[in-house]
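Notes follow once the structure below has been shown.
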Amino acid sequence: MIPLAFCLLLGGGVILACQDFPRAHGSQGFGQGPAFYPQVLAWALIGLGLASFLTHLRQPAPAPTETAPAEAAPEEPARYGLVAAMAALAVADILVMQYFGFFVAGFLLMLAMICLIRPPRGLRPLLLDLAYSAGMVVLVYLVFEAFIKIQLPRGAFLS
Amino acid sequence: MEAFELLTAGLGNFAQPLTLALLIGGSLLGIVFGAIPGLTATMGMAIFLPLTFAMSDTNGMIFLLGIYVGSCYSGSLSAILVNIPGTPSAIATGFDGHAMAKKGLAGQAIGYATLASALGGLFGVAVLMFAAPVLADVALEFSAQEYTGVALLGISIVAYISFGSTIKGLIGGVVGLLLAMVGQDVISGYPRFVFGSKDLQAGLQMIPVMVGFFGLTEVFDKLERESHIAVIQTKIGRVLPSLSKLAKLSPMMLVSSLIGTFIGAVPAAGGAIASMAAYGVQKRFSRHAEKFGSGAPEGVVAAEAANNAAVGGAFVPMLSLGIPGDPQTAILIGALMINGLAPGPMLFATRPDMISTIYLGNVFCVAAFAVIGLVGARYFARLMHVPGHYLLPAIFIFCIVGSYAIRNTLFDVWVLLGCGVLGYLLQKIGIMPAPVILGFVLGPILEDNFRRALIMSGGDWTTFVSRPLSLALLVINAFIILGPILLKRLRLRGLNQED
């Protein structure tokens with residue numbers, strides 16, 4: 001159901017967005033208009049979404065078993081919260097980078113991510129995390145700015 | 001161009017100390033990325049692609065080749081030592097390699113894997129040197145109609161072979177094609193889907209999209225299901241196997257290399273399928289089939305020779321037709337395009353030195369990983385102890401800086417993040433990143449040729465079926481997509497009749 005909804009949304013959105021594109025007329029205009037190709041793709045996407053849905057409907061349900069299912073190995077629970085937190089940190093990093101530049105934002109991002117994945121227990125691990133974050137920022141500086149001469153963002157406040 | 005000339009045109013590059021340093025550095029990085037479970041060749045190549053901006057196009061290619069070839073080999077290290085293949089192509093290696101490690105023969109397993117990988121790699125390159133120019137000559141006859149068929153072929157094969165359902169693979173391919181459309185229309189110049197943004201007018205840049213889908217998506221995925229890897233503390237003893245044993249295994253290596261090269265040349269088939277197929281064939285025809293899976297060196301050799309030979313095979317469609325054989329060659333195509341080079345048959349005429357660099361680069365990279373692997377096996381085993389909470393943030397930072405570095409704009413970092421999140425969410429509904437990226441890379445080729453063919457024919461759709469070669473390509477496309485469904489139905493009907 002989700003793939004169908006995704007295809008309908010994206011395909012429908014593309015078709016709608018194409019309504020404002022200039023049209024090419026006449027037999028020679030075929031394929032020339034900027035809306036033609038996106039619309040072909042959008043309809044293909046909608047068709048594929050429907051095909052995916054129909055395939056899903058036609059899949060036979062798993063046959064009920066008389067015996068109890070074998071005990072599966074315990075799986076680690078999915079950590080969606082951590083993924084969302086990481087994405088949010090990355091957004092914050094880009095915003096901080098705009099104003100304070102890479103060195104501040106990169107260091108904070110590294111440290112925050114490390115602490116989020118495995119919170120430090122005690123002073124020594126925290127110092128290690130701090131040193132690692134600083135070291136990584138220095139490494140990035142050496143590779144990108146010193147070696148390949150790409151100036152990393154300095155930020156509006158610090159430039 | 002003569003074959004010998006094609007082979008030697010780029011030889012001079014390898015006399016430069018910087019080139020050799022990049023080759024060895026790339027191979028080392030590749031070995032690191034391949035050996036650490038959770039990191040992949042694709043991720044490594046995507047992250048380090050921006051570094052190639054500071055290099056000449058040939059040096060950049062050599063560096064990326066080193067990562068590709070090195071990681072393809074080193075996936076075997078973690079498969080042998082921890083039974084977690086560093087790359088999908090090393091799955092079959094773990095069957096016997098890990099069993100050997102548990103018997104205390106980890107060093108020998110690594111030795112067999114290294115030598116078989118080297119032989120397989122060299123075999124693949126030899127076939128590449130022979131097959132690519134021949135296929136490129138055929139491709140020179142292609143017109144817009146045929147290129148449309150070839151681009152569609154790339155997407156449909158990837159969709160068919162990629163993990164999950166074919167339909168979802170195709171959806172991924174179309175999503176990639178749609179992403180490639182953002183920016184100015186190739187024919188009219190009209191800005192499409194830019195929503196008033198000046199940054200979007202130039203289209204989505206290849207690097208943030210690739211790094212987002214291949215790098216960030218994998219980081220998110222790894223964060224979601226972080227598994228604690230239990231490393232078996234095994235002592236790595238003698239690495240080099242005896243010459244007599246090697247001589248006994250060499251016919252098997254050659255057959256597996258042949259299988260690997262052939263499967264590797266099929267777009268999107270890749271090393272994983274190649275190694276499984278070679279392992280299966282060797283087991284089927286072995287006199288001691290019962291030993292496979294319990295620590296037989298034959299199993300390690302079959303799998304490793306095949307998956308490394310597949311690398312050479314994957315270059316055949318890339319160089320001759322300009323279509324990527326797997327996600328790694330998609331990145332290499334991206335690297336060529338960023339340098340203003342058009343991958344495909346014309347590259348043989350316009351940049352023979354680049355073709356030669358790719359041939360010879362493969363050979364030297366194989367030599368580099370063989371030496372590094374045999375000498376440093378016991379040190380690389382320690383890579384598996386690198387804690388994930390340090391590794392993943394470091395990759396994240398490199399992804400961000402790498403994307404920023406292309407145009408010095410934070411807009412590309414937003415694109416990276418958007419693509420990473422999109423890739424992760426699509427993966428959740430069974431749409432894998434590889435078809436999306438293949439669609440993105442092939443998008444401009446498909447649109448340009450598809451629309452040109454229609455314009456040239458005055459809007460006549462039969463133009464795609466009136467040319468024999470174009471028709472043949474479309475029939476192959478239809479067979480790839482519909483063939484498995486029809487075969488399944490026939491099989492079901494047969495079963496019903498039996499009942």
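Below, each value reflects all heavy atoms present in this structure, side chains not excepted, and no hydrogens, waters or symmetry copies. Within every chain, numbering begins at 1; the chains are lettered A, B, ... in the order of the sequence lines, protein sequences first and strands thereafter.
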Please report, to 0.1 Å, the donor-acceptor pairs under 3.5 Å made by any side chain of residues 120-134 of chain A, with sequence neighbours excluded.
| from | atom 1 | to | atom 2 | distance (Å) |
| --- | --- | --- | --- | --- |
| A/D129 | OD1 | B/Y390 | OH | 2.6 |
| A/Y132 | OH | B/Y390 | O | 2.8 |
| A/S133 | OG | A/L111 | N | 3.4 |
| A/S133 | OG | A/D129 | O | 2.8 |

Extract all donor-acceptor atom pairs below 3.5 Å that involve side chains of residues 136-146 of chain A and protein atoms in other chains or at least two apart in sequence.
| from | atom 1 | to | atom 2 | distance (Å) |
| --- | --- | --- | --- | --- |
| A/E145 | OE1 | A/L152 | N | 2.9 |
| A/E145 | OE1 | A/R154 | NH1 | 3.4 |
| A/E145 | OE2 | A/R154 | NH2 | 2.5 |

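Taking 4.5 Å as the limit, some side-chain heavy atom of B/L454 sits within range of a side-chain heavy atom of A/F36.
The structure places CD1 of A/I46 at 11.5 Å from CD1 of B/I171, a figure rounded to the nearest 0.5 Å. B/L425 contributes atom CG, which lies 9.5 Å from atom CZ of A/F6 (distance to the nearest 0.5 angstrom). We find the CZ-CG distance between B/F396 and A/L89 to be 8.0 Å, quoted to the nearest 0.5 Å. Within the model, atoms OH of A/Y37 and CG of B/L446 stand 4.0 Å from one another, a figure rounded to the nearest 0.5 Å. Atoms CG and CG, from B/L223 and A/L82 in turn, are 5.0 Å apart once rounded to the nearest 0.5 Å. One finds the CD1 atom of B/I167 at 10.0 Å from the SG atom of A/C7 (value rounded to the nearest 0.5 Å).
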| request: Kindly indicate, with the supporting measurements, whether the criterion ring pair (Phe, Tyr, Trp, His ring centres under 6.0 Å) is fulfilled by A/Y80 and B/Y424. | output: CA-CA 11 Å; A/Y80 298 119; B/Y424 172 74; 7.1 Å; no
| said: Under the criterion side chain to side chain contact (heavy atoms under 4.5 Å, CB included), I'd like the reasoning laid out for B/I400 against A/M97: C-alpha separation, chi angles, the key distance, then a yes or no. | reply: CA-CA 11 Å; B/I400 288 176; A/M97 213 183 299; 3.8 Å; yes
| request: List the steps, then state whether side chain to side chain contact (heavy atoms under 4.5 Å, CB included) holds for B/I397 with A/M110. | output: CA-CA 7 Å; B/I397 287 282; A/M110 276 295 296; 3.3 Å; yes
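In this structure, the portion of B/L417 lying under 4.5 Å from any heavy atom of chain A is its side chain and not its backbone. Contacts between A/L10 and chain B at a heavy-atom distance below 4.5 Å involve the side chain alone, from C-beta outward. Residue B/L426 touches chain A through its side chain alone, counting heavy-atom pairs closer than 4.5 Å.
Remark: the backbone N or O of A/P34 is paired with a side-chain donor or acceptor of B/R192 at under 3.5 angstrom.
Most heavy-atom pairs under 4.5 Å with chain B: of the set A/S52, A/A17, A/P38, this distinction falls to A/P38. For the options A/L41, A/L109, A/V40, A/I94, heavy-atom pairs under 4.5 Å to chain B are most numerous at A/I94. Ranked by heavy-atom pairs shorter than 4.5 Å toward chain A, the options B/P191, B/A405, B/G420 are led by B/A405.
Remark: A/R118 CZ is loosely packed, at most 12 non-hydrogen atoms of other residues, nucleotides or ligands lying under 6.0 Å away.
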